[in-house]
Amino acid sequence: MADHRNSDVVIIGGGVIGSAIAYFLAANPAGPGTITVIERDPSYEKASTPRSAGGIRQQFSNPENIEIGLFGHHFVTHLAEYLSVDGECPDPGFREGGYLFLAGPDGLEVLGQNHEEQTRHGCEIDLLDLVSLEKQFPWLNLDGIAGAAFGRRGEGWIDPNTLMQAFKRKARSLGVLYLEGEVIALEHNYRRIAAVILGDGQRIAAGTVVNAAGANAGKVAALAGVALPVSPRKRNVFVFDCREPLDPAVPLLIDPTGVYVRPESGGYICGVSPPADQDQDGDTNDIDVDYHWFEEVVWPTLAHRIPAFETIKLSGAWAGYYDYNSVDQNGIVGAHPALANFYFANGFSGHGLQQAPAVGRAMAELLISGAFKTIDLSRLCFERFESGALVLERNIV
């Protein structure tokens, strides 16, 4: 016999985005009475969040992402004020190493435009010319480089799994119910989602349904008859050691080619997003590492840019998935225009971890009061795909 439940809010996806929404809803005195999070894999073995690079930054090109990044930094550096349970809070290990975006001659104008927007929002980002770059990072090969932007404060990286688990632990302490299961159907009732159906037969009648399914968000939306331009795109992360110490320490460096590198536990991690013609939708069950990206693209690029990396040793690797918005690579946050109780928190294209605090807060505001209160994310609405009012992000890594 099917198990029948009722919940004021059902959140599909218990990763960092879903758990952040659950936390902010539960922490608000005006929040809903019952909140249920459905997660198909509570071990998070193949989930995107623990497999991310853990970056925190404000160096984006549009104001929403900049403001989201500023709150993300505040949140992770004041985590105990938000996510303590019984006086204890895990430490996500924020390392303020900064982001260093290198630009060639063709990218210098955009870098400057982005910097102006970031400065207007109070970010502490330095524009560096070649003289400053050579002085500040003497281990860099500046061939083909015309300038750079460096996050002096507020940027760095954390342990992603720690943040996700802290959100989940706090949400559960506030009464949020986490259920293991896979959503196989969304029951319609005119212009609403009446219930969520799980693979084991459970039916959960829902007042509101939030799609926070990460890389599988497109599949979940399809259950509601909605075409959501979000699909899984594989990203490989490679780990290597370098015998030669670099002084000062390497920040999270992004080469004009898109190859990135940052320190990690005495070594380094690195990677690159494939070019558009090779970046195909994937199967989230396939987490095999594609080593040819390291051998053919990443290592040669790093060895050229940082000569000390010519003799590095690969020591590990893993793969995970972006919830990739194929239209404008920005988050989709808000309600569906026709299904009155169906909401999106999807398509963050690799930025979900750092954007989770602000998105979780914004979604809670929207669900409770019907409007965004702290950061106006109205431009990230689903309707932009039909109207053509896209929100293009130029700083995608």
Side-chain angles (χ1 to χ4, degrees), residues 52-57 59 93 95-112 114-115 124-153 155-158 235-275 278 289-319 350 394-397:
S52 78
I56 303 288
R57 64 174 163 116
Q59 290 193 65
R95 180 170 174 180
E96 198 172 35
Y99 271 66
L100 180 66
F101 278 88
L102 301 176
D106 294 341
L108 204 55
E109 182 179 356
V110 169
L111 196 74
N114 292 347
H115 180 259
E124 297 185 51
I125 312 296
D126 291 336
L127 274 184
L128 304 178
D129 59 18
L130 293 182
V131 173
S132 300
L133 266 174
E134 186 173 21
K135 181 178 180 180
Q136 192 160 343
F137 304 105
W139 34 258
L140 266 178
N141 173 10
L142 297 176
D143 178 40
I145 301 301
F150 177 60
R152 185 172 70 256
R153 291 191 66 251
E155 297 191 322
W157 49 90
I158 63 170
R235 297 294 182 261
N236 301 280
V237 180
F238 305 100
V239 186
F240 69 87
D241 299 316
C242 177
R243 292 181 179 178
E244 182 177 341
L246 297 178
D247 186 25
V250 178
L252 201 160
L253 180 149
I254 300 95
D255 188 75
T257 61
V259 171
Y260 73 86
V261 63
R262 73 159 174 83
E264 172 69 18
S265 303
Y268 298 87
I269 65 171
C270 59
V272 69
S273 294
Q278 299 179 54
V289 176
D290 300 321
Y291 285 96
H292 71 91
W293 288 110
F294 180 78
E295 297 161 356
E296 300 170 14
V297 179
V298 176
W299 187 7
T301 301
L302 292 180
H304 174 72
R305 187 60 59 206
I306 303 175
F309 288 167
E310 291 179 356
T311 57
I312 61 179
K313 179 182 179 181
L314 186 67
S315 58
W318 70 85
R394 295 183 291 192
N395 270 17
I396 299 293
V397 178

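Please read all numbers here as calculations on a predicted model, not as lab measurements. Counting begins at 1 with the first residue of the sequence. What you see below is based on every heavy atom in this structure, not just the backbone, and it leaves out hydrogens, waters and symmetry mates.
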Separation of [Y] [atom2] from [X] [atom1] (nearest 0.5 Å):
X    : Y    : atom1 : atom2 : answer
L253 : R262 : CG    : CZ    : 13.0 Å
D255 : N141 : CG    : CG    : 10.0 Å
L108 : I145 : CG    : CD1   : 10.0 Å
I269 : Y260 : CD1   : OH    : 5.0 Å
E295 : L314 : CD    : CG    : 8.0 Å
E109 : N114 : CD    : CG    : 10.5 Å

Discussion item. Does E124 have more than 12 heavy atoms from other residues, nucleotides or ligands lying within 6.0 Å of its CD?
Written reply: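 Check passes, neighbour count above 12.
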Is [X] reaching over with its side chain to a backbone N or O of [Y], donor-acceptor style, under 3.5 angstrom?
X    : Y    : value
R305 : V259 : no
D126 : L128 : no
W293 : V237 : no
W299 : F309 : yes
D241 : G267 : no

Which pair of heavy atoms, one from [X] and one from [Y], lies closest together, and at what distance?
X    : Y    : value
G104 : A146 : C-CB, 3.8 Å
C242 : A308 : SG-O, 3.5 Å
A317 : F238 : CB-CD2, 3.8 Å
G151 : E155 : CA-OE1, 3.2 Å
G147 : L130 : N-CD2, 4.3 Å
L111 : A149 : CD2-N, 3.7 Å

Any side-chain heavy atom of [X] within less than 4.5 Å of one from [Y]?
X    : Y    : answer
F150 : L133 : no
L102 : L100 : yes
Y268 : L246 : yes
W318 : V239 : yes
H304 : D143 : yes
V110 : F101 : no
L142 : E134 : yes
P251 : Y99  : no

Worksheet item: Could you go step by step and tell me if V272 and T301 meet the side chain to side chain contact (heavy atoms under 4.5 Å, CB included) rule?
Response: CA-CA 10 Å; V272 69; T301 301; over 6 Å; no
Worksheet item: Looking at Q59, R57, R153, R152, which one forms a side chain to side chain contact (heavy atoms under 4.5 Å, CB included) with I125?
Response: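 Of all the options given, the one that passes is Q59.
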Practice prompt. Describe, in one word, how the ring planes of F294 and F240 are oriented to each other, choosing from parallel (under 30°), tilted (30 to 60°) and perpendicular (over 60°).
Written response: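 Tilted: the ring planes of F294 and F240 meet at 30° to 60°.
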